[in-house]
K.L.:
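Starting off with a structure, shown below.
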Amino acid sequence: TEYMVGKLSDIRRCFNDMAVKTPPAWRFDHDRQHWTLQNGADYGFPLRGEWRIKCGDKMPRLQSAPQSWRAEKAPGMDLEVASTGPTRSLRIFWKRIDDDNFDSRKSLTIALNPDGKFHTYHLDLASSAEYRGLILGLAIEPVDQPHPGDEWAIKSIVLSGTGKANKAP
C-alpha cells in the first residue's frame with residue numbers, strides 16, 4: 001500500500017506513473033487468474049499450465065474479475081484454447097463502464113477447431129463499433145448449448161495493442 005502527501009497534481013502524477021499501462025493478459029499456468037466459472041466444473045488445483053473446464057447440463061460462463069482498460073489500447077485478443085466435443089464456437093463478451101451486465105450486442109464470436117489440440121485464435125475486438133471507451137471485464141461462453149462432458153482447456157487470454165485479421169483454426 002502506498003500513501004502520499006502533497007499537492008493533488010503531484011499525487012495524481014505519482015499514482016498514474018505507478019499504474020499498469022499494458023493491456024490485460026491472463027495466463028492460467030498455476031491459477032484461475034481471478035476468473036470465475038458458472039454452470040460448469042473444473043479439475044481444481046493445482047492447474048498444470050492450463051485451466052481445464054468440463055461442461056454440464058447448463059450453459060457455462062467464464063468471467064474475468066473487474067479490471068479496467070481503454071478499448072483503443074487493446075483492440076485485439078489472442079485466446080489459446082483446446083476444445084473437444086461438438087462445441088464449435090465461443091462468444092466473447094465485454095462490459096463497458098456504462099453497463100450493468102454483459103450484453104450480446106457487445107460480443108464477438110470465434111469458431112473453434114474441436115480436435116482437442118491447442119490453437120491460438122485471434123479476435124479483432126476493434127472490429128465491433130461497441131468495443132470502445134473504458135472496458136471493465138470479459139466473459140466467455142459457448143454460442144450453442146454444449147453437450148455434458150464437452151471440455152475446454154485454456155492456456156491464456158491476452159489482449160494486445162494491435163488488431164489483425166482472424167486466424168484460421
Side-chain angles (χ1 to χ4, degrees), residues 19-96 102 104 106-128 130-131 135-169:
V20 174
K21 304 287 191 222
T22 58
W26 299 274
R27 291 180 176 80
F28 302 102
D29 296 327
H30 307 291
D31 61 25
R32 295 180 188 107
Q33 299 286 288
H34 305 288
W35 281 66
T36 58
L37 171 62
Q38 301 164 5
N39 301 324
D42 64 19
Y43 292 85
F45 289 104
L47 299 187
R48 294 181 173 94
E50 62 193 38
W51 185 14
R52 191 161 288 278
I53 296 140
K54 191 171 193 171
C55 299
D57 294 331
K58 296 180 180 178
M59 182 70 83
R61 173 179 272 193
L62 303 174
Q63 190 168 318
S64 72
Q67 184 170 353
S68 63
W69 65 91
R70 304 274 330 153
E72 64 272 10
K73 299 287 187 183
M77 183 181 89
D78 290 314
L79 174 67
E80 190 175 4
V81 63
S83 166
T84 62
T87 300
R88 302 253 176 220
S89 54
L90 295 176
R91 183 173 306 277
I92 313 300
F93 298 85
W94 58 88
K95 185 167 43 172
R96 293 193 313 238
F102 290 100
S104 64
K106 296 176 186 96
S107 71
L108 290 171
T109 302
I110 57 170
L112 297 177
N113 182 346
D115 63 1
K117 298 177 184 172
F118 279 96
H119 300 277
T120 300
Y121 302 93
H122 182 80
L123 194 59
D124 186 5
L125 298 167
S127 69
S128 170
E130 294 294 331
Y131 187 75
I135 307 298
L136 295 183
L138 297 175
I140 302 172
E141 64 184 36
V143 172
D144 299 312
Q145 178 67 40
H147 294 86
D150 285 3
E151 287 193 14
W152 311 327
I154 301 175
K155 284 189 178 182
S156 63
I157 301 167
V158 179
L159 295 176
S160 61
T162 60
K164 50 187 170 183
N166 287 337
K167 294 179 182 177

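What's counted below: heavy atoms across the whole structure, side chains too, no hydrogens, waters or symmetry copies. Numbers for residues simply follow the sequence, beginning at 1.
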K.L.:
List the residues meeting ring-ring contact (aromatic ring centres under 6.0 Å, His included) with Y131, not counting sequence neighbours, and say none if there are none.
P.N.:
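Only W94 meet the ring-ring contact (aromatic ring centres under 6.0 Å, His included) criterion with Y131.
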
K.L.:
Can you name the salt bridge (charged side-chain N to carboxylate O under 4.0 Å, His left out) partners of R70, sequence neighbours left out?
P.N.:
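Counting only residues at least two positions away or on another chain, R70 forms a salt bridge (charged side-chain N to carboxylate O under 4.0 Å, His left out) with E72.
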
K.L.:
Once ring-ring contact (aromatic ring centres under 6.0 Å, His included) is applied, do any residues pair with W69, and if so which ones, sequence neighbours excluded?
P.N.:
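Partners of W69 by the ring-ring contact (aromatic ring centres under 6.0 Å, His included) criterion come out as none, since no residue qualifies.
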
K.L.:
Hey, does I135 have a side-chain heavy atom less than 4.5 Å from the side chain of L159?
P.N.:
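Counting from C-beta outward, L159 and I135 never come under 4.5 Å.
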
K.L.:
Could you pull out the closest heavy-atom pair between R32 and D42, with the gap in Å?
P.N.:
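That would be NE-OD2, 2.6 Å.
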
K.L.:
Taking ring-ring contact (aromatic ring centres under 6.0 Å, His included) as the test, write out the residues that go with W51, two or more places apart.
P.N.:
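So W51 forms a ring-ring contact (aromatic ring centres under 6.0 Å, His included) with F28.
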
K.L.:
To the nearest 0.5 Å, what is the distance between CD on Q67 and CH2 on W35?
P.N.:
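Between atom CD of Q67 and atom CH2 of W35 there are 10.0 Å.
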
K.L.:
For side-chain contact (heavy atoms from CB on, under 4.5 Å), just list the numbers for I157 and I140, CA-CA rounded to whole Å, side-chain angles, deciding distance to a tenth of an Å, and then say yes or no.
P.N.:
CA-CA 11 Å; I157 301 167; I140 302 172; 3.7 Å; yes

K.L.:
What are the two closest non-hydrogen atoms of C55 and P60, and how far apart are they?
P.N.:
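Looking at all heavy atoms of both residues, the closest pair is SG-CG, 3.8 Å.
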
K.L.:
Is it the case that the side chain of D78 and the backbone of V158 share a donor-acceptor pair, with hydrogens and angles ignored and the cut-off at 3.5 Å?
P.N.:
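A pair under 3.5 Å: no.
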
K.L.:
Indicate yes or no: at least one non-hydrogen side-chain atom of R88 is less than 4.5 angstrom from one of P114.
P.N.:
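When only atoms from C-beta onward are counted, P114 and R88 do touch, with a gap below 4.5 Å.
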
K.L.:
Can you name the nearest heavy-atom pair linking L108 to S127, along with the distance?
P.N.:
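L108 and S127 have their closest heavy atoms at CD1-OG, 3.8 Å.
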
K.L.:
Can you name the residues that form a side-chain contact (heavy atoms from CB on, under 4.5 Å) with T84, not counting sequence neighbours?
P.N.:
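For T84, the residues satisfying side-chain contact (heavy atoms from CB on, under 4.5 Å) (neighbours in sequence not counted) are E151.
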
K.L.:
Kindly indicate whether the side chain of I154, heavy atoms from C-beta on, has any atom under 4.5 Å from the side chain of W26.
P.N.:
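Contact flag for I154/W26 side chains = no.
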
K.L.:
Can you see which heavy atom on D115 is nearest to which on K117, and at what distance?
P.N.:
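Smallest interatomic distance, heavy atoms only, reads OD1-N, 2.9 Å.
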
K.L.:
Is the side chain of Q145 donor-acceptor paired with the backbone N or O of D57 at a distance under 3.5 Å, no angle test?
P.N.:
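Side chain of Q145 to backbone of D57: a pair is present.
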
K.L.:
Indicate yes or no: at least one non-hydrogen side-chain atom of L138 is less than 4.5 angstrom from one of M77.
P.N.:
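Yes - at least one pair of side-chain heavy atoms lies under 4.5 Å apart.
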
K.L.:
Please round to the nearest 0.5 Å and tell me the distance separating atom NZ of K155 and atom CG of D29.
P.N.:
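Result: 9.0 Å between the selected atoms.
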
K.L.:
With sequence neighbours left out, which residue pairs that include part of residues 138-147 fulfil the salt bridge (Lys or Arg N to Asp or Glu O under 4.0 Å) condition?
P.N.:
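Passing the test, one end in residues 138-147: R61-E141.
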
K.L.:
Taking all heavy atoms of S107 and all of S104, pick out the closest pair and write down the distance.
P.N.:
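Closest heavy-atom pair between S107 and S104: OG-O, 2.6 Å.
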
K.L.:
Restricting to non-hydrogen atoms, name the atom on G161 and the atom on P23 that form the minimum distance, rounded to 0.1 Å.
P.N.:
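Smallest heavy-atom distance, with atoms named: N-CG, 4.3 Å.
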
K.L.:
Can you confirm whether Y43 sits close enough to K54 that some side-chain heavy atom of one is under 4.5 Å from a side-chain heavy atom of the other?
P.N.:
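Heavy-atom side-chain distance check passes, below 4.5 Å.
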
K.L.:
Which distance, rounded to the nearest 0.5 Å, do you find between the CG of L37 and the CG of L62?
P.N.:
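So the gap between those two atoms works out to 5.5 Å.
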
K.L.:
Just verifying a value: how many Å separate S83 OG and L90 CG, rounded to the nearest 0.5 Å?
P.N.:
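The OG atom of S83 sits 7.0 Å away from the CG atom of L90.
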
K.L.:
Quick check for you: to the nearest 0.5 Å, what is the distance between L79 atom CG and L112 atom CG?
P.N.:
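Rounded to the nearest 0.5 Å, the CG-CG separation comes out at 8.0 Å.
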
K.L.:
Any heavy-atom pair between the side chains of P142 and W152 that's under 4.5 Å?
P.N.:
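Touching, per the 4.5 Å side-chain cut-off.
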
K.L.:
If you round to the nearest 0.5 Å, how far is CE of M59 from CG of N39?
P.N.:
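So the CG of N39 and the CE of M59 are separated by 9.5 Å.
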
K.L.:
Is there a donor-acceptor pair closer than 3.5 Å between any side-chain N or O of S89 and the backbone N or O of T109?
P.N.:
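No; zero donor-acceptor contacts below 3.5 Å.
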
